[in-house]
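Take a look at the structure set out below.
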Amino acid sequence: MKEYFRNVLGVPEANIDYLTDATAARMSQAIGKLSELIKLNEGKAEVFFYYAGHGLPDENKEPYLIPVDVTGSNVRDGISLSFLYRRLTEFPADRVTVFLDACFSGAARGQELFAMRGVKIKANTQVTEGNMVVFAASSGEQGALPFREKMHGIFTYHLLKKWQSGGGDLTYNDMHRYLLREVGIQSVQSHSKSQTPQLLLSPMAENKVDVWKFY
């Protein structure tokens, strides 16, 4: 994803903050740094946030991103989606685009137990502020499935494939329609299960997804 942001979407290397195997502290610090940069750009910031990893809901079914030092027994030590959305929209920005590809299984990519990827997006985590759009790998009670041959989640694979073929010139709505079709077909072909990517919009972004493009 980092290489696609840099080489396909044209994001300068200096503007990319790339974390692997991040702890909760590192993730929180990086999100805080991003929020501060949005503030300093005085409404002109254009932000991409991509997360691939684990996700779990707490007892109230609020979804959390799960860093490497957090387990299923201390979910609330992770990063809640509501916290993430709030920090990314607390200051005005021209555009904030979030991509979520996360798993519940607890198994590594490629293992037989690795069954699903995807945070369950509940009503209490809907985007409500700012110019924010969220591309989520799956909907409701679904998981988001792996594309084992390609070493990606199905959602991420088709997102990158479309960008590589010039799909950055698509509007956000056109990309969502493309992902609905391709991810839907691939999930049934590979796993005999349905996967329905979601496009979640803040009220401010509702009239912009037919205009916004990736480059």
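As a basis for the values below, the full set of heavy atoms in this structure was taken, side chains included, without hydrogen atoms, waters or symmetry mates.
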Under the criterion side chain to side chain contact (heavy atoms under 4.5 Å, CB included), I'd like the reasoning laid out for V8 against Y215: C-alpha separation, chi angles, the key distance, then a yes or no. CA-CA 9 Å; V8 178; Y215 59 73; 4.1 Å; yes

With a 4.5 Å limit on heavy-atom distance, are the side chains of E90 and S35 in contact? yes

Would you say the side-chain atoms of Q198 pair up with the backbone N or O of T196, donor to acceptor, closer than 3.5 Å? yes

With no hydrogens and no angle check, is any side-chain donor or acceptor of N60 less than 3.5 Å from a backbone partner on E62? no

Are M1 and H152 close enough, and set up right, to give a side chain to side chain contact (heavy atoms under 4.5 Å, CB included), and what steps lead you there? CA-CA 11 Å; M1 180 61 75; H152 276 301; over 6 Å; no

Does a side-chain heavy-atom distance below 4.5 Å link L9 with F48? yes

Shortest non-hydrogen contact between P67 and A24, atoms and distance: CB-N, 3.3 Å

Would you confirm whether S190, through its side chain, and S187, through its main-chain N or O, come within 3.5 Å as a donor-acceptor pair? no

Pair T156, Y50: side-chain N/O donor-acceptor within cut-off below 3.5 Å: yes

Report the residue from V133, L180, L179 that forms a side-chain contact (heavy atoms from CB on, under 4.5 Å) with L199. V133

Roughly how far, to the nearest 0.5 Å, is CG of D210 from OG1 of T171? 5.5 Å

Between I38 and L88, the two heavy atoms sitting closest are CD1-O, 3.6 Å

State yes or no: do L34 and L100 share one hydrophobic cluster built from I, L, V, M, F, W and Y residues joined by side-chain heavy-atom distances below 4.5 Å, directly or via other members? yes

Under a 4.5 Å side-chain heavy-atom rule over Ile, Leu, Val, Met, Phe, Trp and Tyr, are Y178 and V183 clustered together? yes

Would you please test Y157 and Q186 for side chain to side chain contact (heavy atoms under 4.5 Å, CB included) and show each step? CA-CA 10 Å; Y157 172 77; Q186 190 71 56; 5.5 Å; no

Flag side-chain contact, heavy atom, 4.5 Å: L159 against D101: no

Walk me through it: do K33 and E36 pass the test salt bridge (charged side-chain N to carboxylate O under 4.0 Å, His left out)? CA-CA 5 Å; K33 175 183 175 181; E36 183 66 15; over 6 Å; no

Any Q164 side-chain heavy atom under 4.5 Å of L160 side chain: no

Are F83 and M27 connected into the same hydrophobic cluster when the rule is that any two of I, L, V, M, F, W, Y join if their side-chain heavy atoms are below 4.5 Å apart? yes

Test salt bridge (charged side-chain N to carboxylate O under 4.0 Å, His left out) on E13 and K2; report intermediate values, then the result. CA-CA 9 Å; E13 176 79 23; K2 176 185 176 182; 3.4 Å; yes

N74 side chain to V70 backbone, donor-acceptor under 3.5 Å: no

N131 (side chain) donor-acceptor with A93 (main chain) under 3.5 angstrom: yes

Where is the tightest heavy-atom contact between L19 and A30, given as atom of each residue plus distance? CD1-CB, 3.7 Å

Distance (rounded to the nearest 0.5 Å) between D94 CG and K208 NZ: 7.5 Å

So do the side chains of R76 and E59 get within less than 4.5 Å of each other, counting heavy atoms only? yes

More than 12 heavy atoms of other residues, nucleotides or ligands under 6.0 Å from CD of E42: yes or no? no

Less than 4.5 Å apart, side chain to side chain, heavy atoms only: is that true for L81 and L65? yes

Looking only at heavy atoms, what is the nearest atom pair of A22 and R26, with distance? CA-NH1, 4.1 Å

Spacing of CG belonging to L170 relative to CE belonging to M175, to within rounding of 0.5 Å: 5.5 Å

Between the side chain of E129 and the main-chain N/O of R86, is any donor-acceptor distance below 3.5 Å? no

Heavy-atom check, side chain of V68 versus side chain of T23, under 4.5 Å: yes

Main-chain N/O of H158 paired to E182 side chain as donor or acceptor, under 3.5 Å: no

At what distance, to the nearest 0.5 angstrom, does CZ of R95 lie from CZ of F214? 8.5 Å

Could you measure the distance from the CZ atom of F49 to the CZ atom of R87? Nearest 0.5 Å is fine. 12.0 Å

Would you say the side-chain atoms of D169 pair up with the backbone N or O of K213, donor to acceptor, closer than 3.5 Å? no

May I ask you to decide if the ring planes of W163 and Y4 are parallel, tilted or perpendicular, using 30° and 60° as cut-offs? tilted

If you take all heavy atoms of Q195 and A137, which pair is closest and at what distance? NE2-O, 3.0 Å

Membership question, hydrophobic clusters at under 4.5 Å side-chain separation (ILVMFWY): are L37 and I16 in the same one? no

Check whether any side-chain heavy atom of V209 sits under 4.5 Å from a side-chain heavy atom of H176, and report yes or no. no

Measure the CD-CD1 distance between Q189 and I154 for me, rounded to the nearest 0.5 Å. 9.5 Å

Can you tell me how the ring of F99 sits relative to the ring of F5, calling it parallel under 30°, perpendicular over 60° and tilted otherwise? tilted

Quick check, are the ring centers of Y172 and F135 under 6.0 angstrom apart? yes

Please assess S202 against Y85 for the test side chain to side chain contact (heavy atoms under 4.5 Å, CB included), listing each intermediate value before the final yes or no. CA-CA 10 Å; S202 69; Y85 295 165; over 6 Å; no

